[in-house]
Each structure stands twice: as structure tokens, then as C-alpha cells.
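Working notes for the structure below.
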Amino acid sequence: MTFSDLGLSPKVLSAVTDAGYTQPTPIQAGAIPHALLGKDILGIAQTGTGKTASFVLPMLTRLEKGRARARMPRTLILEPTRELAAQVEENFIRYGKNHKLNIALLIGGVSFDEQDKKLERGADVLIATPGRLLDHRERGKLLLNGVEILVIDEADRMLDMGFIPDIERICEMIPFTRQTLFFSATMPPEITKLTEKFLHAPVRVEVSKAASAATNIIQRLVKSGAKPWDKRETLRNLIKAEDADLKNAIIFCNRKVEVSELFRSLLKHDFDAGALHGDMDQRARMQMLANFRDGKLRYLVASDVAARGLDIPDVSHVFNYDVPIHAEDYVHRIGRTGRAGRSGKSFTITTRSDTKYVDAIERLIGTKIEWHDGDLSTVTESEGEEAPRRGRGAPRRAGRKDEDRKDRGERSKKDRHSKRDETPETVSDEQPVAEVADIAERRARKDAIRSENERKGPSNRHEQRGDARPQRDRPGRHRQEEDDATVGFGDDMPAFMRIVAKV
Ligand code: AMP
């Protein structure tokens with residue numbers, strides 16, 4: 001089958017040819033003909049399967065008829081994260097190069113004014129994260145009753161981030177006569193319920209078993225002692241051993257604090273590394289990603305914010321520095337490699353206490369993952385145990401002199417903080433310049449938000465935190481980390497804390 005068999009317009013076909021694609025992927029072949037007929041689609045597909053083009057191409061063809069009106073977008077695409085929204089915009093620009101379409105991107109972390117202007121001009125394509133979209137609507141700058149096509153992408157990720165109530169609200173604002181294209185990598189019951197409520201006789205297109213891992217990825221477990229310096233050493237040795245095949249790698253950690261620690265450690269050991277997590281300023285995130293994509297950085301240490309959906313076509317390796325606690329995250333993480341039919345390798349550093357998580361992953365993917373170099377039975381008892389936090393009463397560790405000292409040096413100040421303090425805000429002289437600048441920028445941004453909130457009063461508070469909605473609206477299934485998660489009480493200080501104590 002070729003693209004010209006699908007019913008796409010000549011303008012779209014020409015852009016697809018220019019992009020160098022000859023054959024539609026299974027999700028494209030399955031979804032595009034139905035989408036062109038105006039049918040609702042339920043697409044069950046992971047990222048990396050060509051799913052973005054499966055909705056962008058038919059939308060472009062259908063948008064050739066008609067014009068946009070001020071503040072009334074013709075189509076709406078909802079994405080869970082800003083990076084994904086920006087990526088979809090890139091797809092519209094690439095495949096829409098023969099069209100004169102107005103595209104508006106509504107994401108948090110950037111000013112409202114530019115976005116307002118684009119809405120005012122009339123958007124053919126509106127790409128948005130749910131929170132920012134609702135903010136614009138509440139400000140009266142946006143009318144959703146002209147939307148003809150609604151795309152809900154990465155629905156299971158929306159669920160994880162607690163966006164489902166927002167999605168329901170938005171669906172209710174759009175005329176029932178719209179066409180809805182709905183995509184999710186997995187179909188948990190909450191998502192099934194949503195599709196039953198908002199899709200009309202959808203055509204179901206499933207390109208691989210839900211939550212299955214791609215077969216062109218070599219997956220290995222790598223035994224390690226549980227102590228952070230053991231894990232870091234295991235990782236460094238792995239990277240060195242893979243050097244000949246390793247073009248670039250994403251290294252996943254479970255928590256932001258580990259992203260920061262590992263990033264600093266890799267820099268100290270002269271690895272060409274960058275970091276990506278949800279606390280970073282939007283511009284810094286985009287810049288970091290662009291550097292990685294362009295090959296200016298070889299290693300990207302990332303939290304799960306980066307795990308889903310990001311299209312970095314040519315990643316040769318994924319390292320799981322931590323075994324993900326939620327098995328589905330494993331599938332998304334390793335899905336960053338082996339994209340668009342290429343082969344890839346993933347290594348998961350595993351300690352004794354990780355075995356229950358590995359079991360859950362193996363149950364989910366329906367296969368055993370091979371050990372790279374022997375299983376955990378060869379890890380000695382003391383290595384297998386989690387190290388006591390260094391502090392009062394804890395014995396100091398002997399041996400591994402220089403290597404350990406390097407790692408100890410970088411940890412010493414932070415270890416005085418609680419392990420739960422995931423967002424270090426103190427600038428220490430041990431931190432690299434980029435990270436210090438990042439922390440300083442975040443601090444400045446928080447200060448600006450605080451004074452802006454004071455100026456504005458209680459309304460519109462969540463808009464200032466990028467796209468994050470107030471926590472009480474977000475009954476997310478789990479949140480290892482969330483984009484722009486509120487720190488502490490955020491702006492919502494309980495009344496009892498405002499009472500002045502009499503002393
Ligand atoms: P997605 O699943 O949308 O994130 O797409 C994953 C990657 O596949 C992107 O780099 C696309 O540019 C690429 N891609 C999309 N469609 C095709 C196709 N028909 N043939 C080859 N690569 C494709």
C-alpha cells in the first residue's frame with residue numbers, strides 16, 4: 001500500500017513525499033481512510049508508530065475546504081505536555097507546507113499575548129494543553145463551538161496527569177456533531193469510559209497489543225548494588241562497554257532529585273550530558289531537547305516527563321538508571337529507542353529490591369527480559385542492601401577511594417536535606433554553572449509568579465504555574481512526577497497557617 005491509496009489530497013501527498021516517506025505505517029493505513037470520511041477513530045498505538053501523521057494528514061486534507069473565523073478555531077488537538085504539543089505543531093508545519101493555514105499553539109509557560117493574537121486572527125489548527133486552553137476560554141478569548149475536528153492524543157498520559165476532568169469539560173464545550181480522533185497507548189477502564197461517553201461509533205484501529213514493547217529493541221537487565229555510587233558506576237561501565245554502538249542515549253530516573261544527582265555525576269566524569277525534568281523552565285527544556293536532537297549532547301538524563309511521546313527519531317540506547325515503579329512507564333521509556341523501524345537497545349539497572357517491579361514489567365510485556373551479565377545472585381549481600389543514609393550513627397564506608405570521594409563530594413551538602421526534598425532550591429558551589437543558572441531562573445520565575453498573583457488576587461492562579469491545574473482537580477492515578485507539580489502548598493496556604501500565634 002502507498003500513501004496515494006489512502007485518499008489524501010495532492011498537496012498533502014506532495015509534502016509526504018518531500019518528507020521522504022513512501023509507505024504508510026499500520027496506524028496510518030488503518031486510520032487515515034476512515035478519518036477522511038469523517039468517522040470517529042479510536043487509535044490504540046504507542047508513540048513511534050507514526051500516529052501523529054495518522055491524524056495530521058487527514059486533518060490537513062479536510063481543512064482545505066473552509067476558513068477560520070476570529071476566536072473560533074476549526075480544529076483542536078489536545079496534548080498532555082508542552083513538548084508534545086510543540087511536536088505536533090512541527091508536524092503540521094512539515095506536512096502543511098503546501099497549505100496556508102493558521103496554527104496556534106496554546107501551552108503554559110509562555111505569555112498569553114502572542115497566543116491571544118493568533119486566536120484573534122482565526123486558527124485553522126489549535127494545539128493546546130488542557131489547562132492553558134481552559135484559561136483562555138475563561139478569559140473569554142476563545143470560543144469552541146466552531147470546532148469540527150477534535151483530537152485527544154496520549155489519553156492514558158492525560159489520565160496519569162489528572163487531566164481527565166479537564167478533558168471532559170472541554171469535550172462538553174464542543175458541538176456533538178464534531179469528529180473525534182482519540183489516541184491512547186493503553187486502555188485502562190477510565191479511558192474506556194471516556195471513549196464510551198464521547199466517541200460516536202468509532203472505528204477501532206489497534207496497531208499492536210496495548211502496552212506491548214516493540215520487538216526491534218534488545219532489552220537487558222543489568223545487576224547492580226543498590227547504593228547510588230554502585231548504580232552510577234554500573235551505568236558508567238555500561239556506557240563505556242557500549243561505546244562503539246552508542247550514538248546517543250536517554251537515561252531515565254524515577255525522581256527529579258536523581259536526575260539532578262546523576263546529571264552532576266556524569267558531568268564530573270566528563271560525560272557529555274544534559275538533564276530534562278518537569279521543574280525546568282519551558283525554554284530550558286526545549287533548548288535541552290533541541291541540543292540532544294541536534295547531536296550537541298550525547299546523553300540526556302530524564303524523568304518520566306520526557307518518557308512519553310517525545311519524537312527523537314534516532315536514539316540508539318535507553319538506560320533505566322532506576323527500574324520504573326509503574327510497569328507501563330517501562331514500555332514508554334524503552335519506546336524512545338527503536339523508533340520508526342530502527343533497532344535499539346535498552347538496559348535496566350536492577351538491584352535486589354527492584355525484583356517485584358521487574359516481575360510486574362515482565363508480566364505486562366508478556367516476556368522475560370534477559371540478564372546482561374549474570375543475574376542478582378552474584379551480587380553480594382552487602383552490595384544488595386540499600387545503604388544506610390550517611391548521617392548520625394551510620395558507619396562510613398571504606399574503600400573505592402577516588403571514585404567514591406567524587407560522588408561523596410557532590411552529595412555531601414544535599415544529604416543533609418530530606419530524601420523527600422525533590423526540588424533542591426539551594427545553590428551550592430559544587431553545582432555546575434548550567435544547573436545553577438537553571439535554579440536561579442526558576443527562583444526568579446517563582447518570585448515573579450508570586451508577585452503577579454499578589455497583584456491579580458485569587459483568580460487565574462493556576463495559569464501562572466504554566467499548565468498545572470490546582471491539585472484538588474487532579475485525581476491522577478499516580479504521579480511519580482508531574483509537569484510543574486505544585487511545591488508544598490503552592491499558592492494555596494491553609495487558613496490555620498495564617499493565624500498569628502501569641503507568644
Ligand atoms: P510518531 O509515532 O508520530 O511519534 O512518529 C514516529 C516517527 O516516525 C517520526 O519520526 C515520524 O517522522 C516517523 N514517521 C511517520 N510516518 C512515517 C512513515 N510512513 N514512514 C517512516 N517514518 C514515519
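The structure displayed is predicted, hence computed values, not measured ones. FYI, the numbering just counts along the sequence from 1. Both counts, for ligands and for their atoms, begin at 1 and track the order of listing.
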Do Ser14 and Asn98 have side-chain N/O donor and acceptor atoms under 3.5 Å apart?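 Indeed, the side chains of Ser14 and Asn98 share at least one donor-acceptor pair under 3.5 Å.
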Ignoring hydrogens and geometry beyond distance, is a side-chain donor-acceptor pair present between Ser9 and Glu64 at under 3.5 Å?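 Yes, side-chain donor-acceptor contact under 3.5 Å.
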Mind checking whether [X] contacts ligand 1 via backbone (N, CA, C, O), side chain (CB onward), both or neither, at a 4.0 Å heavy-atom cut-off?
| X | value |
| --- | --- |
| Glu90 | neither |
| Phe183 | neither |
| Gln87 | neither |

Option with minimal heavy-atom separation from atom 12 (O) of ligand 1, where the choices are Tyr95, Phe55, Tyr21: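 It is Tyr21 that holds the nearest heavy atom.
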Donor-acceptor pairs under 3.5 angstrom involving side-chain atoms of residues 361-369: please list them, not counting sequence neighbours.
unit_1: Glu362; atom_1: OE1; unit_2: Lys368; atom_2: NZ; d: 3.1
unit_1: Glu362; atom_1: OE2; unit_2: Ile369; atom_2: N; d: 2.9

Would you please classify the geometry between the Phe347 ring and the Phe319 ring as parallel, tilted or perpendicular, with 30° and 60° separating the classes?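 If you compare the ring of Phe319 with that of Phe347, the planes turn out parallel.
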Using a 4.0 Å cut-off to any heavy atom of [X], which atoms of ligand 1 qualify?
| X | answer |
| --- | --- |
| Phe3 | 19 (N) |
| Thr25 | 17 (C), 18 (C), 19 (N) |
| Thr52 | 1 (P), 3 (O), 4 (O) |
| Arg94 | 12 (O) |
| Gln23 | 18 (C), 19 (N), 20 (N) |

Can you find an N/O atom of Pro24 closer than 3.5 Å to an N/O atom of ligand 1?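 Min N/O separation from ligand 1 is not below 3.5 Å for Pro24.
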Please list, one pair per line, the donor and acceptor atoms closer than 3.5 Å that link side chains of residues 32-41 to other protein atoms, with sequence neighbours excluded.
unit_1: Asp40; atom_1: OD1; unit_2: Thr180; atom_2: N; d: 2.8
unit_1: Asp40; atom_1: OD2; unit_2: His200; atom_2: N; d: 2.6

Verify the neighbour count for atom NZ of Lys11: are there more than 12 heavy atoms of other residues, nucleotides or ligands below 6.0 Å?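 It does: Lys11 NZ has more than 12 such atoms within range.
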How far apart are the C-alpha atoms of Thr2 and Ser4, what are their side-chain angles, what is the distance that settles it, and do they pass the side chain to side chain donor-acceptor pair (under 3.5 Å) test? CA-CA 5 Å; Thr2 65; Ser4 47; 3.0 Å; yes
